Amino acid sequence: MTAFKTLDDLTDLSGKRVLLRVDLNVPVKDGKVTDTTRIERVAPTIMELSTKGARVILLAHFGRPKGEAVPSMSLAPIAGVVEDVLDHRVHFAADCIGDPAAKAVNEMVDGDVLLLENTRFHSGEEKNDPDFVVQLAKNGDFFVNDAFSAAHRAHASTEGLAHHLPAYAGRTMQAELLALEKGLGNPARPVVAIVGGAKVSTKIDLLKNLVNQVDALVIGGGMANTFIAARGIDVGKSLCEHDLAATAREIEAAAAASGCAIVLPMDGVVAREFKAGADNETVAIDAIPADAMMLDVGPKSIDAINAWITKADTLVWNGPLGAFEIPPFDAATVSAAIHAAARTREGLLVSVAGGGDTVSALNHADVTDDFTYVSTAGGAFLEWMEGKPLPGVDVLKT
Ligand code: 3PG
Ligand code: MG
């Protein structure tokens, strides 16, 4: 694996100011943070630095304010949540640069934790503007990036700073890179990928990359319908991107050329309504009624998918197999998740999963802790699966 400097290389930290990039882009509903997973993930890095005597200055974005100070996207309310998770005081500064930041940083003592306001309140953040980077860098002696989930962005606080200050990977970034290396970088074979979710259109690059990397590609969710339809099978009222039939055939051809098995559903659970508990029936894949839609893959497909998981040494998973948020159409996703978790617990499988919906699906199946690694990254995880370079990671390489 490529070498990164980590917190192990940061020993004498008393009196030192560490600019720590974290991802606090957490889900909020009615003003309340509904999931603190991302905060919990960076807590060990924050506390390790604080315990080592550093003055820990948190940099983060929230939402997409596009260079404006949008009050609803302030990080101020998040400071209290970070404080609760850490069980440690978190100070807050109303700007990430300029006087408010400088004043708050000057008031810090060793071990203090300070959160600076949303970096995206300045247009220089997303532009990776050198002047803005200099403004940020003024407040730190070291830069630590623990935000893998924002590493696909070449922004000032994710990429630019690493050119100005000695740069290190935080503990979560370190764990994530290690897990991803096991997943696709240098995996034990056979490698099976499960890709689900609604649309092929958002995952074309990912599918094209995977067929060259993995031994079997299981396609589920709405996107499977596009492949099935491209094989000339009628999918009724199922979600389907008919305009992507040629793309689907291209991906199948690329898979055949590289010896990657494409595993499509052979049966499906269909309904006439998209709602929990909707009347449903199981049909063969070539017998979907014209007025019905497929909401989950059927039991024969589940058996086939689980057999692939049994065969696999490594599993990479992004996207649910069915409409898991409306039971009983969660059956396939839950079954595969439980099977993968059991194989992992027995030490027979390395299982790496990521992406927003995937994390919810694995939480729903109650197996998140049993997987080798579950990434909270959305876009960054997809870009990694697409084989694209991640600027926030590349800049940390020594
Ligand atoms: C995320 O939530 O996926 C990351 O924080 C990145 O956010 P972004 O997609 O707005 O860049
Ligand atoms: Mg995103």
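Just so you know, these numbers come straight off a predicted model, no measurement behind them. Read the numbers this way: they start at 1 and go in the same order the structure lists the ligands and their atoms.
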(message) Any salt bridge linking Lys237 with Asp291? Criterion: basic side-chain nitrogen under 4.0 Å from a carboxylate oxygen.
(response) no
(request) Mark up the atoms of ligand 1 that fall under 4.0 Å of a heavy atom belonging to Ser149, in ascending order. (result) 4 (C), 6 (C)
(message) Give the atom numbers and elements of ligand 1 that come within less than 4.0 Å of a heavy atom of Asp23.
(response) 4 (C), 5 (O)
(message) Among residues at least two apart in sequence or on other chains, which ones pass side-chain hydrogen bond (donor to acceptor under 3.5 Å, both in side chains) with Asp330?
(response) His364
(message) Regarding Asp394 and Lys397, does a basic nitrogen lie under 4.0 Å from an acidic carboxylate oxygen?
(response) yes
(message) Can you name the atoms of ligand 1, numbered from 1 with element, that are less than 4.0 Å from a heavy atom of Arg64?
(response) 8 (P), 9 (O), 10 (O)
(message) Within the 4.0 Å heavy-atom shell around Arg153, which atoms of ligand 1 are there?
(response) 8 (P), 9 (O), 11 (O)
(message) If we set the cut-off at 4.0 Å for heavy atoms, which region of Arg120 has an atom near ligand 1: side chain, backbone, both, or neither?
(response) side chain
(request) Look at ligand 1 and say whether Arg38 reaches it with a heavy atom at a distance under 4.0 Å. (result) yes
(request) Ignoring angles and geometry beyond distance, decide whether His152 reaches within less than 3.5 Å of ligand 1 through its nitrogen or oxygen atoms. (result) no
(message) Quick check on contacts: which atoms of ligand 1 are under 4.0 angstrom from a heavy atom of Asn25?
(response) 1 (C), 2 (O), 4 (C), 5 (O), 7 (O)
(message) Keeping Asn209 on the side-chain end and Leu206 on the backbone end, is there a donor-acceptor pair under 3.5 Å?
(response) no
(request) Could you tell me how the ring of Tyr168 sits relative to the ring of Phe142: parallel (under 30°), tilted (30 to 60°) or perpendicular (over 60°)? (result) perpendicular
Output side-chain donor-acceptor pairs under 3.5 Å for residues 88-104, partner residues at least two apart or in another chain, one line each.
{"residue": "His88", "atom": "NE2", "partner": "Gly111", "partner atom": "O", "Å": "3.4"}
{"residue": "Asp95", "atom": "OD1", "partner": "His122", "partner atom": "NE2", "Å": "2.7"}
{"residue": "Lys103", "atom": "NZ", "partner": "Glu107", "partner atom": "OE2", "Å": "3.2"}

